[in-house]
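Down below is the structure, laid out as structure tokens.
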Protein chains: 2
Amino acid sequence: MLSPVSEPALRERRRRQTEREIADAALDLFERQGVDRTTVDDIARAAGISPRTFFRYFATKEAAALVPHVALDERVERMLAEIGPGRPLLDQLEEVWREVLTAFDDGRSEAGRLMLRVRRLMLAEPALRQAAATLDARRLDDLVARVTSALGLDDDLGPRLAIEASGLAVRVALDRWADAREAGRASDLLETYAGASRHLRTLGG
Amino acid sequence: MLSPVSEPALRERRRRQTEREIADAALDLFERQGVDRTTVDDIARAAGISPRTFFRYFATKEAAALVPHVALDERVERMLAEIGPGRPLLDQLEEVWREVLTAFDDGRSEAGRLMLRVRRLMLAEPALRQAAATLDARRLDDLVARVTSALGLDDDLGPRLAIEASGLAVRVALDRWADAREAGRASDLLETYAGASRHLRTLGG
DNA sequence: CGCCTTGTTGGCAGTCACTGACACAATTCG
DNA sequence: CGAATTGTGTCAGTGACTGCCAACAAGGCG
């Protein structure tokens, strides 16, 4: 059949399970020996699959550790559907980001703890930062186009700068948050983000 | 001798010459067959060197086509020494960028034509954009630290956002410039940059 | 000019990320 | 159950990149 009416439950469940196992193994190995010293074979072995199968789940070894990062992007993408004209774009974007970041509950929720691990790793691993940037870039053009049309504009310059700039604030906030936690200092994610946003708005002095 | 007083002229000249030949070959091949379809062996053959030697000049094949990009970064880095307190940071950064971009003379100077070729390529080649971003990232932390200390601050949040945001405006401007030229539309680089800067300053509405 | 130090090059072998092709096994559907 | 679909492992291959070593070119020095 070309389009199965219902998703077969078992396959779907197993697929998710395997993906999770790979992601766990990758994150764990990256934390313990670093990205460079970890081979795809290592990850595959730890996850109990063949190297070939690894690449059927993730395009690169870095992507395996960035599942939480992608999940965040996807959540933002879904919420972006609600954006429209009437209110300043930056306000709306920041509202979306605040809502998404709130779900991390400052590292107390499961998702939050996971993101903290990933961001800590990213601080020390340029390869991961780069991979994350690549993943983000692929979504960005789509996002910009969608927002531009939702606002009824024909020039995407404004939306592009607003979206990239607000994304920049989030990235910086996540970095500082992870860095502070790594050093044992107290740090509130939403507060950090608010500070970054404020700086962005007052760039002009 | 541990520290030669004067650089031997011949070796230096040859090294520059070889680097230039590799860069030319890489840019040419990338334009004609795309980055993915071009191997290091191709570039090395076209430049008349061995593949092994290629990697003594450039760490990756993408870097070979990004010499102008790096040159721009280096110019900015040198000019950043003049930054100090007293005037709004963003104003000073924009002045640096304007000065550097002016040297391209909107594509009429040799450097300008070259940058236009590189930027056109980058529009179509994600691998090149990514490589450029990686090169930029390596300099960024250094830049931020230098500016932060030049301003006598102990928190780099402001400088980081200002530097990254103004870099963002430049990137967007270069993209639009190359895109317009590619489509045969008229486009002035400095004007485009001015527009992007204005948007950045009025993000808040 | 020979002598020595140092930088440059090419070849070779090796690692590792990633891909296509194929055979086989598990799952789903009728 | 049997047939179609989908997931998996094996294998062979490409291509980026690195370490090592031997040959050679260049510069400094007596």
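All values reported here derive from a predicted model rather than from experimental measurement. Within every chain, numbering begins at 1; the chains are lettered A, B, ... in the order of the sequence lines, protein sequences first and strands thereafter.
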Listed partners of [X] passing side-chain contact (heavy atoms from CB on, under 4.5 Å), at least two apart:
| X | value |
| --- | --- |
| Ser166(A) | Leu90(A), Leu93(A), Trp97(A) |
| Ala145(B) | none |
| Thr60(B) | Glu62(B), Ala63(B) |
| Thr18(A) | Ile22(A), Ile49(A), Tyr57(A) |

In residues 54-62 of chain B, which ones come under 4.0 Å of DNA chain D, going by heavy atoms? Phe55(B), Arg56(B), Ala59(B), Thr60(B), Lys61(B)
Please list, chain by chain and in numerical order, all residues satisfying salt bridge (Lys or Arg N to Asp or Glu O under 4.0 Å) with Glu31(A), sequence neighbours excluded. Arg117(A)
Can you name the salt bridge (Lys or Arg N to Asp or Glu O under 4.0 Å) partners of Asp136(A), sequence neighbours left out? none
Between Arg176(A) and Asp156(B), does any NZ, NE, NH1 or NH2 come within less than 4.0 Å of an OD or OE carboxylate oxygen? yes
So the side chain to side chain donor-acceptor pair (under 3.5 Å) pairs with at least one residue in residues 187-196 of chain A (sequence neighbours excluded) are none
Can you run down the salt bridge (charged side-chain N to carboxylate O under 4.0 Å, His left out) pairs that involve residues 102-113 of chain A, sequence neighbours left out, and say none if there aren't any? Asp105(A)-Arg108(A), Asp106(A)-Arg181(A), Glu110(A)-Arg113(A)
Separation of dT5(D) P from Glu12(A) CD (nearest whole Å): 19 Å
What is the distance from CD of Glu19(A) to P of dT8(D), rounded to the nearest Å? 11 Å
Out of dA26(C), dT8(D), dT8(C), minimum distance to the side chain of Arg11(B) belongs to dT8(C)
Let me have the donor-acceptor pairs involving side chains of residues 77-85 of chain B, under 3.5 Å, with sequence neighbours excluded, atom names and distances please.
residue  : atom : partner   : partner atom : Å
Glu77(B) : OE1  : Arg139(B) : NH1          : 2.6
Glu77(B) : OE2  : Arg146(B) : NH2          : 3.1

Are Arg14(B) and dT9(C) close enough that a side-chain N or O sits under 4.0 Å from OP1 or OP2? no
So if I take residues 27-52 of chain A and measure heavy-atom distances to DNA chain C, which residues fall below 4.0 Å? Thr38(A), Thr39(A), Val40(A), Arg52(A)
Using C1' atoms of five pairs at each end, report the bend of the helix from dC1(C)-dG30(D) to dG30(C)-dC1(D) rounded to 10 degrees. 10°
